[in-house]
Participant: 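The structure's right below; bear with me while I get my questions together.
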Amino acid sequence: NTETADEIVIGAATFTGVNQTTPLGARTTSTGSDNSPDVTVVSAAGELVFATLGIDDSREATNADGQTALWNLRTVAGGGDGITGAASTKNATAPSTTLSWSMTTGDAWAILAVPINPASTTGVTSTVFTQTPPMASNFAMPAGGLLTVTTYISVPSGTPATPLDITATLQNNGVTF
């Protein structure tokens with residue numbers, strides 16, 4: 001291509017609940033010229049991955065399932081000489097998260113993606129009770145019976161304070177037993 005100028009798509013996004021000390025994880029880039037742009041980012045559960053996609057010649061791009069489109073703009077309709085700019089987010093999984101798009105026609109593309117670190121959850125407690133098999137009838141615990149609790153703790157970054165003190169209180173109709 002002998003042209004010296006092209007068009008550009010610019011987008012901006014804001015996010016809440018972001019770690020103010022270390023807002024972003026390590027960036028990842030991916031390039032290609034096929035019809036299935038994708039990028040895989042090192043991530044952790046609880047993060048949100050943000051990715052931007054640029055495509056030559058204004059090709060149409062479609063988000064993969066599970067992604068939230070922030071923008072998807074073409075400077076020239078019909079795949080003419082222009083640019084496509086798109087951005088998406090996806091809830092992260094560990095140890096990696098993949099964002100992808102599909103195009104009807106392949107062309108040069110580039111992606112930049114980064115995990116967004118959540119705000120600190122220090123002091124925030126949450127409890128999830130799961131009975132296996134799922135509760136299909138009332139929960140009954142015989143007198144003197146053994147109750148086993150398995151606790152999973154997610155630490156988005158760093159290491160947890162040790163020792164971890166976990167307390168459980170069993171109640172029936174508001175009465176502790």
Participant: Is the backbone of Thr93 close enough, under 3.5 Å, to the side chain of Ser43 for a donor and an acceptor to pair up by distance?
Facilitator: yes
Participant: Distance from Asp107 atom CG to Asp57 atom CG, nearest 0.5 Å?
Facilitator: 4.5 Å
Participant: According to a 4.5 Å side-chain heavy-atom criterion applied to Ile, Leu, Val, Met, Phe, Trp and Tyr, with indirect links allowed, do Phe15 and Leu24 form part of one hydrophobic cluster?
Facilitator: yes
Participant: Which pair of heavy atoms, one from Leu53 and one from Ala61, lies closest together, and at what distance?
Facilitator: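 Answer, listing the atom of Leu53 first, then Ala61: CD2-CB, 4.0 Å.
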Participant: May I ask you to test the Asp38-Leu99 pair for a side-chain heavy-atom distance under 4.5 Å?
Facilitator: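 Sidechains of Leu99 and Asp38: no contact.
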Participant: Taking all atoms of both residues into account, what is the closest heavy-atom pair of Gly25 and Asn117, and its distance?
Facilitator: N-ND2, 3.7 Å
Participant: Regarding Ser96 and Thr40, is there a side-chain donor-to-acceptor distance under 3.5 Å anywhere?
Facilitator: no
Participant: Apply side chain to side chain contact (heavy atoms under 4.5 Å, CB included) to residues Met103 and Ile55 and explain how you reach the verdict.
Facilitator: CA-CA 10 Å; Met103 304 183 322; Ile55 307 170; 3.2 Å; yes
Participant: Drop me the distance from Leu48's CG to Thr89's OG1, to the nearest 0.5 angstrom.
Facilitator: 4.5 Å
Participant: Checking Thr16 now: which residues fulfil side chain to side chain contact (heavy atoms under 4.5 Å, CB included) with it, not counting sequence neighbours?
Facilitator: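 Result, side chain to side chain contact (heavy atoms under 4.5 Å, CB included) vs Thr16: none returned.
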Participant: What verdict does the side chain to side chain donor-acceptor pair (under 3.5 Å) test give for Trp101 and Asn72, after you've listed the backbone C-alpha separation in whole Å, the side-chain angles of each residue and the deciding distance to 0.1 Å?
Facilitator: CA-CA 11 Å; Trp101 289 262; Asn72 192 334; over 6 Å; no
Participant: Using atom types as modelled and distance alone, determine if a side-chain donor or acceptor of Thr29 lies under 3.5 Å from a backbone N or O of Ile111.
Facilitator: no
Participant: When hydrophobic residues are tied together by side-chain contacts of less than 4.5 Å, even through go-betweens, does Val18 share a cluster with Val114?
Facilitator: yes
Participant: Any heavy-atom pair between the side chains of Leu70 and Phe50 that's under 4.5 Å?
Facilitator: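 Phe50 reaches Leu70 side chain to side chain.
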Participant: Are the side chain of Lys90 and the backbone N or O of Thr97 linked by a donor-acceptor pair below 3.5 Å?
Facilitator: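 Such a contact is absent between Lys90 side chain and Thr97 backbone.
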Participant: Would you compute the distance between atom CD of Glu47 and atom CD1 of Ile116 and round it to the nearest 0.5 angstrom?
Facilitator: 9.5 Å
Participant: Looking at every heavy atom in both Arg59 and Asp56, which two are closest together, and how far apart are they?
Facilitator: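 Where Arg59 meets Asp56 most closely, the heavy atoms are CG-O, 3.5 Å.
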Participant: Which pair of non-hydrogen atoms, one from Gly46 and one from Pro118, has the smallest distance, and what is that distance?
Facilitator: O-CG, 3.6 Å
Participant: Partners of Ser102 by side chain to side chain contact (heavy atoms under 4.5 Å, CB included), sequence neighbours excluded?
Facilitator: Thr62
Participant: The test is side chain to side chain donor-acceptor pair (under 3.5 Å); show your working for Asn63 and Ser88 and say whether it passes.
Facilitator: CA-CA 8 Å; Asn63 269 320; Ser88 292; 2.5 Å; yes
Participant: How far does CG of Asn35 sit from CH2 of Trp109, to the nearest 0.5 angstrom?
Facilitator: 10.5 Å
Participant: Can you name the closest pair of heavy atoms from Thr31 and Ala110 and give their distance?
Facilitator: CG2-CB, 3.9 Å
Participant: Are Gln67 and Ser100 side-chain neighbours, meaning at least one heavy-atom pair lies under 4.5 Å?
Facilitator: yes
Participant: Looking only at atom types and distance, does a side-chain atom of Asn19 sit under 3.5 Å from a main-chain N or O of Thr21, one as donor and one as acceptor?
Facilitator: yes
Participant: Going by side chain to side chain contact (heavy atoms under 4.5 Å, CB included), name the residues that satisfy it together with Thr28, two or more places apart in sequence or in a different chain.
Facilitator: Val39, Val41
Participant: Quick one: closest heavy-atom pair of Pro115 and Ala26, and the distance?
Facilitator: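 Smallest interatomic distance, heavy atoms only, reads CD-O, 3.3 Å.
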Participant: When rounded to the nearest 0.5 angstrom, what is the spacing between CG in Asn91 and OG1 in Thr68?
Facilitator: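 Those atoms lie 7.0 Å apart.
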